[in-house]
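A short worksheet on the structure shown next.
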Amino acid sequence: MPELPEVETTRRGIAPHLVGRTVTTAIVRDARLRWPVQADLPQRLAGRTIQAVGRRAKYLLLEFAEGTLLVHLGMSGSLRVLPATTPPGKHDHFDLVVGEHCLRLRDPRRFGALLWWPRQPREHPRLAALGPEPLSEAFEGSMLAAAGRSRRVAIKALIMDAKVVVGVGNIYANEALFRAGIHPARRSDRIGPARYERLATEIKAVLAEAIAQGGTTLRDFQREDGRPGYFRIQLKVYGRGGEPCPACDASLLETRLAQRSTFYCPRCQR
DNA sequence: AAATTCTCCTGAAGGC
DNA sequence: TGCCTTCAGGAGAATT
């Protein structure tokens, strides 16, 4: 399940194979993604030259002079660069053919998306309302505190809200709250400025560490060349309900919060 | 209107 | 062994 570090790892992996190259053809094998892939997408892409491969939140942005292809990997999507002649597998729904190679989208659960946008990516309605990138300077403790003060949601829900900050998925929300010593259900308006500073710092740190390690992985994340990602970054609480807290040995708890699996240490996190 | 719940999908895992 | 059920989760949509 790609989170922001996996998407960024994918971006860095595929960009060298794509930038400056011209699309030979595009193949849609199954248009039934999150939204139906528009039928004329191959015609729109053929003959266009990829100028840059960007990212906003968990959207990958294949930028052309004529517009942008937004690619979202959803829950189970992965992108690989392969020889164009490689036979497609069962869930290989889309190819972007670039000379001898192709960028191939595999997505068993089909929660992903392919969207053509004939303008600048920043103007896309899905991107325009998003909060800041977590690793940018625009995201820091005081703005997070301001967002939290004006609402009364669980802190975990706050940091997973894309209007507040993008790219903090369930795994890293759990990890960041553990590292910051904050209980995931604590109300956002009952956390002080210093603790918000710490939380913003830990969100940045855990995401940066995961990117530096090439993306963590759960289940089926694959790198652009097909190598699996690795559990290089040790997840301290996610998926560890019942295990001892790595800091204090208390038994880690698992609950449901905002419809998501939530793991925390009842002693370390308040 | 903010907050919560629902929805899409299928592979994996667990139960009997 | 095999069929059945349950679960996971990104994020937009629907509901309260």
Side-chain angles (χ1 to χ4, degrees), chain A residues 1-11 29-38 55-61 70-79 88-94 105-115 117 121 124-134 146-177 184-191 203 207 210 215-222 228-229 231 235 237-242 254-263:
Chain A
M1 43 211 72
E3 297 227 22
L4 186 138
E6 288 84 346
V7 177
E8 178 61 19
T9 297
T10 297
R11 188 193 70 76
R29 296 192 192 81
D30 193 337
R32 299 172 302 162
L33 299 185
R34 167 120 202 212
W35 298 284
V37 179
Q38 64 185 87
R55 179 185 61 75
R56 177 74 173 102
K58 294 177 187 170
Y59 287 89
L60 286 165
L61 310 172
L70 282 71
V71 182
H72 200 291
L73 300 178
M75 282 288 307
S76 59
S78 63
L79 289 169
K90 183 179 178 185
H91 301 297
D92 291 340
H93 307 313
F94 175 77
L105 173 68
R106 171 174 295 183
D107 187 3
R109 294 177 203 180
R110 308 206 314 272
F111 281 15
L114 292 168
L115 299 169
W117 176 244
H124 193 283
R126 302 265 177 238
L127 306 183
L130 293 174
E133 289 287 327
R149 265 198 308 276
S150 65
R151 306 170 53 179
R152 42 174 62 194
V153 290
I155 185 59
K156 183 163 179 251
L158 183 80
I159 63 176
M160 292 182 70
D161 184 341
K163 292 187 292 298
V164 175
V165 57
V166 302
V168 182
N170 193 42
I171 296 171
Y172 294 109
N174 278 293
E175 295 296 312
L177 287 166
R186 173 165 288 275
R187 258 173 54 172
S188 65
D189 60 346
R190 296 194 176 165
I191 297 173
I203 288 170
L207 291 173
T216 183
T217 185
L218 283 164
R219 303 200 176 96
D220 52 4
F221 175 64
Q222 292 189 336
F231 258 121
L235 299 178
V237 292
Y238 184 84
R240 295 185 180 279
E254 174 175 6
T255 62
R256 294 290 283 184
L257 184 60
Q259 315 307 116
R260 292 294 175 258
S261 299
T262 301
F263 302 89

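To find a chain, count down the sequence lines: A is the first, B the second, and so on, and within it residues start at 1. Everything numeric in this text was worked out from a predicted model, so none of it was measured.
- In this model, the phosphate group of C:dG12 is approached by a side-chain N or O of A:Tyr59 to a distance below 4.0 Å at OP1 or OP2.
- To the nearest angstrom, C1' of C:dG12 lies 6 Å from CH2 of A:Trp35.
- Among residue pairs with one or both ends in residues 163-173 of chain A, those qualifying as salt bridge (Lys or Arg N to Asp or Glu O under 4.0 Å) are A:Asp161-A:Lys163; sequence neighbours excluded.
- Between A:Arg110 and B:dT10, a side-chain N or O to OP1/OP2 separation shorter than 4.0 Å is present.
- Residue A:Leu158 contributes atom CG, which lies 16 Å from atom P of C:dA11 at whole-angstrom precision.
- As judged by a 4.0 angstrom heavy-atom cut-off over every strand, A:Lys163 is placed among residues making no nucleic acid contact.
- An OP1 or OP2 oxygen of C:dA11 is reached within less than 4.0 angstrom by a side-chain nitrogen or oxygen of A:His72.
- Considering only side-chain atoms of A:Arg109, the nucleotide from B:dC9, C:dG12, C:dG10 that sits closest is B:dC9.
- What separates NZ of A:Lys90 from C1' of B:dC9 is a distance of 12 Å, to the nearest Å.
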Problem - Step-by-step salt bridge (charged side-chain N to carboxylate O under 4.0 Å, His left out) determination, A:Glu254 to A:Arg240 - result: CA-CA 8 Å; A:Glu254 174 175 6; A:Arg240 295 185 180 279; over 6 Å; no

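- Within the 3.5 Å criterion, the main-chain N or O of A:Arg260 finds a donor-acceptor partner in the side chain of A:Thr262.
- Summarising the geometry, the separation between CZ on A:Arg106 and C1' on B:dG11 is reported as 13 Å, rounded to the nearest angstrom.
- Nucleotide C:dA11 holds its P atom 13 Å from the CG atom of A:Asp107, rounded to whole Å.
- Here B:dT10 presents its P atom at 13 Å from CE of A:Met75, a figure rounded to the nearest Å.
- Side chain of A:Glu6 to backbone of A:Glu3: a donor-acceptor contact under 3.5 angstrom is found.
- Of the two residues contacting DNA chain B, namely A:His91 and A:Arg34, the nearest-nucleotide position lying further toward the 5' end is that of A:Arg34.
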Fill in the blank from the handout: Counting primed atoms, P, OP1 and OP2 as sugar-phosphate and everything else as base, the B/S/- map of nucleotides 1-6 of chain B against protein heavy atoms under 4.0 Å is --S-S-

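- A:Leu235 places its CG atom 16 Å from the P atom of C:dA8, with the value rounded to the nearest Å.
- Atom CZ of A:Arg187 has more than 12 neighbouring heavy atoms from other residues, nucleotides or ligands inside a 6.0 Å radius.
- Taking 4.0 angstrom as the limit, A:Arg256 places a side-chain polar atom (N or O) nearer than this to OP1 or OP2 of C:dA8.
- In this structure A:His93 satisfies the ring-ring contact (aromatic ring centres under 6.0 Å, His included) test with no other residue, sequence neighbours excluded.
- Rounded to whole Å, the distance from NE2 on A:His93 to P on B:dC8 is 17 Å.
- Nearest nucleotide to the A:Phe111 side chain, out of B:dG11, C:dG12, C:dG10: C:dG10.
- No side-chain heavy atom of A:Pro134 sits less than 4.5 Å from a side-chain heavy atom of A:Tyr172.
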